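Computed over heavy atoms, backbone and side chain alike; hydrogens, waters and symmetry mates excluded. Just so we're clear, the structure is a prediction, and the values are computed from it rather than from any experiment.
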Amino acid sequence: MTLLQITEPGQAVDPHQRKRAAGIDLGTTNSLIATVRGNETRTLPDMAGRHLLPSVVRYLGDGKVAVGDEAADAARQDPLNTIVSIKRMMGRGLDDVQNLGDQTAYHFAASDGGMPLIQTVAGDVSPVQVSSEILKSLVHRAEETLGGELEGVVTTVPAYLDDAQRQATRDAARLAGVNVYRLLNEPTAAAVAYGLDSGAEGVIAVYDLGGGTFDISLLRLNKGVFEVLSTGGDSALGGDDFDARIANWIIERSGFAGQIDHGQYRSLMYEARRLKEQLTNEASVAVNVELGALRFEGELTRDDFEQLIKDLVANSIKACRRAVRDAGVTTGDINNVIMVGGSTRVPLVKQEVGKFFGAEPLADIDPDRVVAIGAAIQANILAGNKPDDEMLLLDVLPLSVGLETMGGLTEKIIHRNTPIPVSRAQEFTTYKDGQSAMLVHVVQGERELVSDCRSLARFELRGIPPMVAGAARIGVVFQVDADGLLSVSATELTTGVAASIEVKPSYGLSESEITNMLKSSFEHAEEDAQARSLAEARVDGARVIDALRAALKQDGERLLSADEIRDLETAISALSAVLDGQDAGAIRDATQALADASDEFAARRMDDSVRSALAGHSIEEFDEEQQ
């Protein structure tokens, strides 16, 4: 029997006017949507009662699109038109996705902007379009359940996604017609799900091992404030990679030496996933594979499986160790360890994580659902349904951002692991006399040289008043919003002339590239310091030469003798001779020698300027002005 809600005349049907909001976990293997109803946060099932939506999209020849279980069921028979693990392609370039492995063996085409396009019977589609179909399906499920349109959603992303990958996620939501309140890092969402109700304080480790991505984050909880202390990750540690190890083990044991087509490999991956899931609760499983000429019948034990993935799990622990070091804490300071992602059900993962952190990991909430639940809690707050809630979420920037300075050097404006949202400003000046424009080159990375970092964007600031070198004041402001998206502006402070850009590259860095960039910064720290010292010495030397040549051209013959000019030219030649060398000390010595040699010339120019300023005036005039 259905009950009707009875209200007094003129009273709103919903006296509290709750806005419909939801949290979305857009996952590599599965996706979910959750909402807060009453005082309970829950994931929403489809009409068949299934909470997990496989992140699979199939494109059909008649223009129709199948999403979820229906698409997954057809993946083996129609692998080229059925897109799986699309999250791995978000924000990447064509070369990147073509090197992801056999799991993504589609036919690709290039777009004008560098985004990869997947060729299907329905036409070329981008990763953004594929992800939007998953989001549409989830939003439709929520609106059917809640009885109306959603006001907005909080969508989660791996903590290691860079600006381009976050932009791609936002673009997918926009294409799906979804209002995104904010993008929330998945580890932070997990901490919300666990920490809000318990009121826990202290340091929490969030170990997130999903289908295609791995994140480790350390967060400090204190009176409702969630601050990410550090993040780390490795893209080669997802459940897909576990499945691939089993699939390749089957191929090797079968003795099959032929070429495996897309359909066969997709079938093998599904069989491998089934075996992996069974081994969670069983000591061994029977394997019976028959895919054309590829046939194998045998047994896979849990011990065998653990040997196959042992190095992958060990790599995740290495990332944990780096994250702990970056956070400036020890494992003894960590109060709780939260397990997120379906792959954390693997017994070896639980065992190694518990051993490293010295604590039993928390798994009270279904690891598949915990991220969506945390996102729903945050969406409910941002929708205004809990106006008294003062919970503040502070995520961090995964990589430093800055700009290029003279000599090809990177000047970091916002350092990695800085809590966001954040705004940082820094003043710069011109390098040459009369400079009326400046190229602002925005870069991302941890190395000292621009050539070792990633270029994000370039824009020009024009209209700088012509001044002597070093006189102009250029204020550059970097702003990173709560979603981790960057904007940069530059202003000439005396005139107010300004230029700005919202950084939106066509594709982003993969998580492994980010990890490698961090690793590279540690490995090359001494080398980078030497390179920076050399570049700075060259810039200083070139600046002194340019300034002195300009002064000689203007006043040399008037203020110096021929012998004095010859001595300065000799000192300039001596500096020029070492300027392109590799000895920073020699360049600095020659620069100082040239500066010392030109001191007398500089003093004469100063005296000459003072005499010119006083010409036709008496000292008494200046005394009267001072009175």
Side-chain angles (χ1 to χ4, degrees), residues 1-3 20-38 40-60 62-79 81-87 122 129-150 153-156 172-173 176-178 189 193 210-212 239-240 243 266-267 269-278 280-281 340-343 345 365-376 379:
M1 178 181 296
T2 302
L3 300 179
R20 300 182 186 89
I24 293 178
D25 176 7
L26 186 61
T28 305
T29 306
N30 295 296
S31 296
L32 300 96
I33 189 164
T35 191
V36 178
R37 306 180 74 179
E40 186 177 355
T41 308
R42 64 178 72 178
T43 55
L44 302 177
D46 62 12
M47 297 299 291
R50 298 170 297 202
H51 289 256
L52 295 177
L53 175 75
S55 300
V56 184
V57 178
R58 183 190 184 196
Y59 290 89
L60 305 172
D62 57 4
K64 293 182 179 179
V65 178
V67 181
D69 290 281
E70 181 184 348
D73 291 341
R76 304 184 191 189
Q77 291 74 37
D78 191 17
N81 297 304
T82 306
I83 317 301
V84 302
S85 299
I86 193 62
K87 188 173 179 178
Q129 289 172 290
V130 178
S131 293
S132 75
E133 295 294 344
I134 299 170
L135 290 171
K136 285 179 188 176
S137 182
L138 290 170
V139 170
H140 177 72
R141 176 189 297 186
E143 292 178 343
E144 287 284 304
T145 304
L146 302 178
E149 291 187 5
L150 291 177
V153 301
V154 167
T155 302
T156 62
V178 182
D240 288 352
D243 299 342
R266 183 69 60 79
S267 297
M269 289 291 286
Y270 272 88
E271 176 65 15
R273 183 181 304 168
R274 184 186 67 81
L275 296 172
K276 175 188 68 179
E277 291 171 354
Q278 285 185 324
T280 297
N281 300 311
V340 179
S343 298
R345 293 190 176 92
I365 304 175
D366 184 338
D368 281 320
R369 303 187 193 188
V370 62
V371 167
I373 287 173

Considering only heavy atoms from C-beta outward, does the side chain of [X] approach that of [Y] to under 4.5 Å?
| X | Y | value |
| --- | --- | --- |
| Arg345 | Asp368 | yes |
| Asn30 | Pro54 | yes |
| Leu53 | Ile134 | yes |
| Val65 | Gln129 | no |

[X] versus [Y], closest heavy-atom pair with distance:
| X | Y | result |
| --- | --- | --- |
| Glu149 | Arg20 | O-CD, 3.6 Å |
| Ala379 | Ala21 | O-CB, 3.7 Å |
| Ala71 | Ala66 | CB-O, 3.5 Å |

(message) Between Glu271 and Arg274, does any side-chain N to carboxylate O distance fall below 4.0 Å?
(response)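 Yes, Glu271 and Arg274 are salt-bridged.
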Working to the nearest 0.5 Å, report the span between [atom1] of [X] and [atom2] of [Y].
| X | Y | atom1 | atom2 | result |
| --- | --- | --- | --- | --- |
| Leu138 | Thr155 | CG | OG1 | 9.5 Å |
| Thr29 | Lys87 | OG1 | NZ | 9.0 Å |
| Leu26 | Ser131 | CG | OG | 5.0 Å |

(request) Step by step, work out the side chain to side chain contact (heavy atoms under 4.5 Å, CB included) result for Glu144 and Leu44. (result) CA-CA 10 Å; Glu144 287 284 304; Leu44 302 177; over 6 Å; no
Are the side chain of [X] and the backbone N or O of [Y] linked by a donor-acceptor pair below 3.5 Å?
| X | Y | value |
| --- | --- | --- |
| Asp46 | Arg50 | yes |
| Ser343 | Gly239 | yes |
| Thr41 | Thr35 | no |
| Arg141 | His51 | yes |

(request) Answer with yes or no whether the side chains of Asp240 and Ser85 bring together a donor and an acceptor at under 3.5 Å. (result)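 Short answer, yes.
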